[in-house]
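Here's the structure we're looking at; comments come further down.
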Amino acid sequence: MDLFTYLNLNELALGLSNLQMFPFFDSAHYIVSVMALREQPGALEVSRRSPLACWFSSMLYCFGGAVLSSMMMAEPPIAPLSNSTNVLLASFIWYLVFYCPQDLIYSSATILPLRLVLSGMKEVTRTWKVLGGVTQAQKKYKDGLLVMIAIGWAKGAGGGLISNFEQLVRGVWKPETNELLKMSYPTKVTLIGAVLFALQQSQYLPLQTHQLMLLYTVFIVLNKTRMMLLGSSSSPFAPVEAALYHALFARPAGYCLAPKHAETTSVKHQSALSRPISHSRGKDSLNGAAVAESDSPDHSIDPKEGSSSATNGKDQIKQKDQECSKKCD
Amino acid sequence: MDLFTYLNLNELALGLSNLQMFPFFDSAHYIVSVMALREQPGALEVSRRSPLACWFSSMLYCFGGAVLSSMMMAEPPIAPLSNSTNVLLASFIWYLVFYCPQDLIYSSATILPLRLVLSGMKEVTRTWKVLGGVTQAQKKYKDGLLVMIAIGWAKGAGGGLISNFEQLVRGVWKPETNELLKMSYPTKVTLIGAVLFALQQSQYLPLQTHQLMLLYTVFIVLNKTRMMLLGSSSSPFAPVEAALYHALFARPAGYCLAPKHAETTSVKHQSALSRPISHSRGKDSLNGAAVAESDSPDHSIDPKEGSSSATNGKDQIKQKDQECSKKCD
Amino acid sequence: MDLFTYLNLNELALGLSNLQMFPFFDSAHYIVSVMALREQPGALEVSRRSPLACWFSSMLYCFGGAVLSSMMMAEPPIAPLSNSTNVLLASFIWYLVFYCPQDLIYSSATILPLRLVLSGMKEVTRTWKVLGGVTQAQKKYKDGLLVMIAIGWAKGAGGGLISNFEQLVRGVWKPETNELLKMSYPTKVTLIGAVLFALQQSQYLPLQTHQLMLLYTVFIVLNKTRMMLLGSSSSPFAPVEAALYHALFARPAGYCLAPKHAETTSVKHQSALSRPISHSRGKDSLNGAAVAESDSPDHSIDPKEGSSSATNGKDQIKQKDQECSKKCD
């Protein structure tokens, strides 16, 4: 790419591509990952009840991508444990973040400038992981573009993709949500990276590996920094996503109901998801409906709603009906 | 087998065994599978919320057998993705079934004669998949009859066997049911096929491969057609199953309670399955019992019952008690 | 180790290390495992509803360690099925324990002296399994001490570690508990064994393999016998654990709440675990709260509590509040 030569960026890109992740960038990744775990609701309580479950959860946060991509490639998912140095480093950081006297480490690391630097460094490791996954897949499946994307994605965003099972280690089970149903920003940006690197490695992009590494790294670091500084969770891809969605997947309103055939054949399989609606149809099933709804998996629990839930059954049913009609829009 | 020679069926059988699955039979399999997904409750809603989760779910419906059997054999479960042509074909069909303008494709495919043909063609692919699984297992485990049966079954009925995890992709979690607890017809017929092909490959049956392929294919296609035309869900194996069950697994009534020792040691582990019964024992726990029961995982939700559920708590408890006593028979 | 020579124990140790597990010790392992399954709540009901699910569950009890360690090493998890003799033996025992006429086998095996002998013999197989796992891992990962411990542990205590998924086969799902969150005695003692054998195989211990086998076997058999005779579930490691916990993981009281930052960012992720507490805060949500609590996954169901649950909503809320405050201590 001539622009790189023109701007004398080639040397910078080459230098970046020779950067060693161990120990500094890896440490930053471990610190940010373990802190993310610690900030999960209930994680501190688990750290007191069972240090072992907490440690295992932390390792899944730190090495989840390697575990998931290994499983997808039928390589031993235990392999990350064989790299003793990295496991010991991650375990040491886990210990400091959770159990350090006076909570010194966690308190310091939450100071914004330090957290910014650490998060930036963690983002850098993402490039290496995605590229590692893509080349690992390419060795086994030449021309397997889809496999390369999948493995690159899994290696770069594994912690998020297996979050249901990571939570299970801590005794938390939230089946109603996962990273495929509602992708978080890191998962999205990793998917884009995996697509780009897979295209580049298959020589569909007019870029060399180190050039793409520079571009992608700069993009994800800048974007992460922007999001942290502005406290914004808005994704930079939102307009593109919305446009794609409307072009490809939008359908006219009123189309959301399954055709009659489907309804009649599948009544007995009626899922937990559709329970509240069927219950609230019967206006006289006051308490029954109210409670069943507060149990249904597809409503995230809102404490305010919970406290008001028994004040008036009829009110709540109206409210729920409104929710249901909103959903059908 | 002389009968085959006598009826001049050998050539037909050989012709059938040389049939190519790609593209027509594979396409029929993808169409029927994706339509089955679309008819799941909540699937259309997922297709609007997250096309990616919907796509991934569809791929599990189409390639679930290959994924499951690969995992059982420690081969890369990602391998089906490396067959780009088939994945693109399945993705194209997924798109048409879910997002086609005016819903043309789905509407046409639900017309009975077309659906009959597609379902028949899908059944044909089952023979190939079961046989593929059995021979794949035989390569690694000579004389491993049980492994051959397991892999043949997994490859032919994988989508059903992993349905709990496929549902999880869509945010649905129904732990109280799985294909082992309550086998559906396709799972049963695939198991029988896996047993037959494993016996045949181990030369315990006086049949050649192409002869068994013809017999099994004719049986499953005819039976599927019969079931669709009559709208009957009755399995042709029901009498055999009932006889086997009574011969092997029946026990005198009253024996269903665990011995005292077990009860006392395991009270604290009392499972979700046993909740409704324990609740309804207390006659005065009116609303509590009623609602707990409508939430209980081992009752499939019946909308009629749901609407009447709050009319009279006592009535419902009586009704439930009857259900419970029926269960104990 | 001179003590061994001094006490003439070397020959005993060598003799023990040459002991064949098949068929007697393996049979004892299968009997005790299947009996443990049968004593799970709901297992008998499953054995009547679906013998196949019951059989599969039994196999996971008997071969869970082999399945789990295979998956961790990317070896076929189906492999235990290829050992027909052992599978047939285990299946035969499964049949006798669950379906024997007059329930003869189960009734006899629950007689204390016989159960003592069987449990002791089962413990002996633990030594062999842990050592098998450690050496299996050592072949692939020389010097991978952590991998050796993990595989040894998985092979020796696999049935417990995968219990969440074994329960799922039976339609039971208890995400709020697992062996990492709250280790049972067998899981603990297996972990200790895995650490010891891994250290020994890496030559960090001044012992030979057969000597450690003797010591470990004697310890686990004696300890199991003691626990069964006294009916005590107190672990012999409790003091060591408590000391370690206080030295490494204890933190001052009042520190259990997450910092404000974490709380505000994670409200929307509020987990299922915290539901009951948030509900019971609203004093006026009488029935709603009561029933929601009886459904909540982190309370094991107590039938007595269930029958009293609807007598007085307010009482129950008080009771629950007390429980919650106890938990926060």
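Lettering of chains follows the sequences in order, A, B, ..., and the numbering in each one begins at 1.
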Flag side-chain contact, heavy atom, 4.5 Å: A:Phe165 against C:Asn164: no

Over 12 non-hydrogen atoms of neighbours within 6.0 angstrom of CZ in A:Phe56: no

Closest heavy-atom pair and its distance - A:Arg49, C:Glu176: NH2-O, 4.4 Å

Side chain / backbone / both / neither for C:Met183 at chain A, heavy atoms under 4.5 Å: side chain

Neighbour count >12 (heavy atoms, 6.0 Å) for atom CE, A:Met71: no

Least distance between heavy atoms, C:Met73 atom then A:Ile78 atom: SD-CG2, 4.4 Å

Which portion of A:Val169 sits near chain C, non-hydrogen atoms under 4.5 angstrom: both

Interface moiety of C:Ile149 toward chain A, non-hydrogen atoms closer than 4.5 Å: neither

Engaged part of A:Pro77 at the chain C interface, taking heavy atoms whose separation is under 4.5 Å: both

Pair C:Phe249-A:Phe98, side chain to side chain contact (heavy atoms under 4.5 Å, CB included): steps then yes or no: CA-CA 8 Å; C:Phe249 302 117; A:Phe98 272 98; over 6 Å; no

Max heavy-atom pair count under 4.5 Å with chain A, selected residue of C:Ala154, C:Gly144, C:Ala74: C:Ala74

Region of A:Val87 that comes under 4.5 Å of a non-hydrogen atom in chain C: side chain

C:Tyr141 side chain to A:Leu81 backbone, donor-acceptor under 3.5 Å: no

Minimal non-hydrogen separation, A:Ala53 against C:Leu181, with atom names: CB-CD2, 3.9 Å

Under 3.5 Å donor-acceptor, C:Tyr245 side chain and A:Ser50 backbone: no

Heavy-atom pair of closest approach, residues C:Leu248 and A:Tyr95: O-OH, 2.6 Å

Separation between CG of C:Leu146 and OG of A:Ser82, rounded to the nearest 0.5 Å: 9.5 Å

Contacting moiety of A:Ala79, where chain C heavy atoms sit under 4.5 Å: both

Over 12 non-hydrogen atoms of neighbours within 6.0 angstrom of CZ in A:Phe22: yes

